[in-house]
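Worksheet: one structure, shown below.
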Amino acid sequence: YRFVENEQWDPKDIARITTESPGRPILTFNDILPIIRILSGIERNKSESFKIKPREGGDVDAAQVMTELIQYVDDENLGFYQRIRKSNDVNITGRGYIKTDISYDENVNGDIILKRRNPLTIFNDPMADEWDGTDRRWVAEGEWITEDEAKELWPEFEDQIKVGESLSSNQGTMPSELMGDRLANSKLFLDQATRRVRIFDYWYKKIEPVLLAVNMDTGDTKPVEENFIQIYQEMPPDQQQAMRFIRKKVTTIRIATIMNWLLMRDDLSPFSHRYFPITPYVGLQFNGEPYGITQFLKDPQRLLNKGVSQAMNHLNRSANSGWLNHSTRGADAQVLEKFGSVPGIVINYQDEPPKQIDPTALSAGHVQLTAFANEQIRNTASVNAELQGTQAEGYKALSGKAIVARQQGGLVGNEDLFNNGLLGDKIVGQQLIALIQSNFTRARVDRVVSTISLGWETSNMAQLFKAKKSMMPAIIDRALKGEY
């Protein structure tokens, strides 16, 4: 992040330059930020959205209703902008995260929440290898809250939540920038300066015996929960007859909330789906850790900054190169020193005029070095001049079709960054479907569908509503029960 935000010089280099050469310029020409913005602009133009396809137990009409519902949730959460911020994280750091949740602040049935999370606040299972995170055994998120907020959330631990007392021991430290919070100090769980404590939500998998309802016709299984009797009673008779109940060890999702050594809770996941609610997105990954395009632009960017700074330093020092002045028959030495670089000055001399020392010309190597750095930045990022909206040197006479072809070539070079995001979007979509089915009542779905149909008369939902208005209650019912 620092490199993109213009902090591109090592503090040690800055200290050495200011100490040894106080007049030497330290310049930054940020060629990385425009590349990040271009990639962000490309994604904005794509303007992708969720579309639900029916699977077993679903149909096209029900899938259309679910598509409208998931897009409604996405719009309510400004999902488009959440994903843009997530993609910026991916392009810069190699990792991005979207979290789904339920908020009961304004609706007793719950509002579905979709938020981008700061990658520096998420801690992943280091043994996981799948890009979509489905093989993770755990994932944790750290959040800073005030001491008073912590006491309100967990009053049973009020006596132990005291900044500077029982939690103030130095049981773990890390730099503040690694915690995703500029205000934090070096404490992992405590920040005495702002009187905040850090809460970790630790999501993990555990194998436990669970009572399962199995549909013998389809093989689908569902855990028997508190509301299962109602679900069972609403099933058609043929599905009830196909249902069998077995007790089996399955992998469950649990959440433990910790603060330093305090365990606040350890419960089953409150969500009906079997995913961690924190979905990862990766940039480029082969064998090691994921990385974004910024990682390999650092060296050419440093080369550019140092090359231009060196050239500017050379020009500054050689502008007033000095004078060759005869010791007895030339000009007054003190006058030359004081006024030798002043424009339009008249200097009197005796017999021999002073001669200005010709400065050493700026070497071609400086120019070539900066040009090489610029070229390396473009080549490494696969963002050519046409993709940037400028003309490439040597290609001034290109036709429109040739320019478009070169733009497409630049897009192809970065297509993996966009395609990798589809893996995470699919997981997020599955979570949203499950949350809609478990938290949206039929009456709420009917209101959403009716509003969409009336507001956008040419939409697919409006056409479906108009053609099958009398059947909509049954279609909504199937949408809330189908599989997608």
Side-chain angles (χ1 to χ4, degrees), residues 43-44 46-87 96-104 106-107 109-117 132-134 269-281 418-419 421-456 458-465 468 472-484:
E43 182 168 1
R44 290 170 190 265
K46 286 177 175 288
S47 188
E48 296 175 345
S49 59
F50 291 102
K51 184 176 182 180
I52 309 304
K53 296 182 179 180
R55 292 291 187 264
E56 296 180 13
D59 56 43
V60 175
D61 293 340
Q64 181 61 50
V65 171
M66 183 55 69
T67 296
E68 298 295 339
L69 293 175
I70 203 170
Q71 290 180 358
Y72 164 79
V73 171
D74 195 54
D75 291 340
E76 286 289 297
N77 287 278
L78 300 176
F80 174 77
Y81 299 99
Q82 303 292 343
R83 287 188 292 277
I84 290 296
R85 291 195 66 193
K86 171 270 302 175
S87 296
Y97 297 92
I98 293 289
K99 183 180 180 181
T100 57
D101 203 351
I102 297 291
S103 171
Y104 296 94
E106 299 180 1
N107 192 313
N109 293 316
D111 289 319
I112 300 173
I113 304 298
L114 181 74
K115 289 290 185 183
R116 165 261 182 190
R117 308 309 294 167
D132 59 6
T134 51
S269 169
F271 308 123
S272 56
H273 56 75
R274 298 182 182 179
Y275 298 101
F276 291 138
I278 302 171
T279 302
Y281 292 76
F418 303 116
N419 287 345
L422 299 178
L423 293 171
D425 288 343
K426 183 176 181 180
I427 300 298
V428 171
Q430 293 288 351
Q431 295 178 29
L432 292 178
I433 290 173
L435 294 176
I436 288 172
Q437 290 180 330
S438 61
N439 289 82
F440 274 37
T441 63
R442 290 178 178 84
R444 186 177 185 183
V445 174
D446 184 64
R447 290 196 304 272
V448 172
V449 169
S450 300
T451 302
I452 294 173
S453 301
L454 294 175
W456 293 274
T458 59
S459 66
N460 293 333
M461 189 66 251
Q463 299 300 321
L464 174 62
F465 189 83
K468 301 182 179 181
M472 287 306 298
I475 294 175
I476 290 175
D477 186 67
R478 295 199 301 272
L480 294 176
K481 296 179 180 178
E483 296 186 4
Y484 308 95

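Residues: numbered from 1 along the sequence shown.
Annotation: the span from Ile476 atom CD1 to Thr441 atom OG1 amounts to 10.0 Å, rounded to 0.5 Å. Going from atom CD1 of Ile102 over to atom CD1 of Ile112 covers 5.0 Å, rounded to the nearest 0.5 Å. In this structure, Leu423 CG and Asp132 CG are separated by 5.5 Å, a value rounded to the nearest 0.5 Å. With rounding to the nearest 0.5 angstrom, the CG atom of Leu432 is 11.0 Å from the CD1 atom of Ile113. Residue Ile433 holds its CD1 atom at 9.0 Å from CZ of Phe50, rounded to the nearest 0.5 Å. Between the CZ atom of Arg447 and the CZ atom of Arg442 there is a distance of 14.0 Å, given to the nearest 0.5 Å.
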With salt bridge (charged side-chain N to carboxylate O under 4.0 Å, His left out) as the criterion, how do Asp101 and Lys115 come out once you've worked through the C-alpha distance, each side chain's angles and the decisive distance to 0.1 Å? CA-CA 8 Å; Asp101 203 351; Lys115 289 290 185 183; over 6 Å; no
As a quick check of understanding, evaluate salt bridge (charged side-chain N to carboxylate O under 4.0 Å, His left out) for Asp74 and Arg83, giving each step before the final call. CA-CA 10 Å; Asp74 195 54; Arg83 287 188 292 277; 2.8 Å; yes
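Among residues two or more places apart in sequence or in another chain, the side chain to side chain donor-acceptor pair (under 3.5 Å) test is passed with Gln64 by Glu68. Here Tyr72 pairs with Glu76, Phe440, Val448 under the side chain to side chain contact (heavy atoms under 4.5 Å, CB included) rule; sequence neighbours left out. By the side chain to side chain donor-acceptor pair (under 3.5 Å) test, Arg44 pairs with Ser40, sequence neighbours left out. Residues passing the side chain to side chain donor-acceptor pair (under 3.5 Å) test with Asp446: none are found, sequence neighbours excluded.
Closest approach of Met66 to Ala479, counting heavy atoms only: CE-O, 3.2 Å. Here the shortest heavy-atom pairing between Leu480 and Ile436 reads CD2-O, 4.1 Å. Ile52 approaches Ile70 most closely through the heavy-atom pair CD1-CD1, 3.9 Å. In terms of heavy atoms, Pro54 sits closest to Ala63 at CD-CB, 3.7 Å. Residue Ile98 comes nearest to Arg116 through the heavy atom pair CD1-CA, 3.9 Å, listed as atom of the first residue, atom of the second, then distance.
Tyr484 contributes no side-chain N or O that, together with a main-chain N or O of Gly429, makes up a donor-acceptor pair within less than 3.5 Å. At distances below 3.5 Å, at least one donor-acceptor pair connects side-chain atoms of Asn439 with backbone N or O atoms of Asn109. In terms of modelled atom types and a separation under 3.5 Å, the side chain of Ser103 and the main chain of Asp111 share no donor-acceptor contact.
Taking a 6.0 Å sphere around CZ of Arg444, one finds it holds more than 12 heavy atoms contributed by other residues, nucleotides or ligands. The number of heavy atoms from other shown groups lying within 6.0 Å of CZ (Phe80) is above 12.
The aromatic rings of Tyr275 and His273 sit tilted, their planes meeting at an angle between 30° and 60°.
A salt bridge (charged side-chain N to carboxylate O under 4.0 Å, His left out) check over residues 423-439, counting only residues at least two apart or in different chains, returns nothing. Pairs passing the side chain to side chain donor-acceptor pair (under 3.5 Å) check and including a residue from residues 428-438, sequence neighbours excluded, read Thr100-Gln431, Thr279-Gln431.
The shortest distance between side-chain heavy atoms of Val65 and Val449 falls below 4.5 Å.
Using a cut-off of 4.0 Å between Lys/Arg side-chain N and Asp/Glu carboxylate O, Asp59 and Arg478 are scored as salt-bridged.
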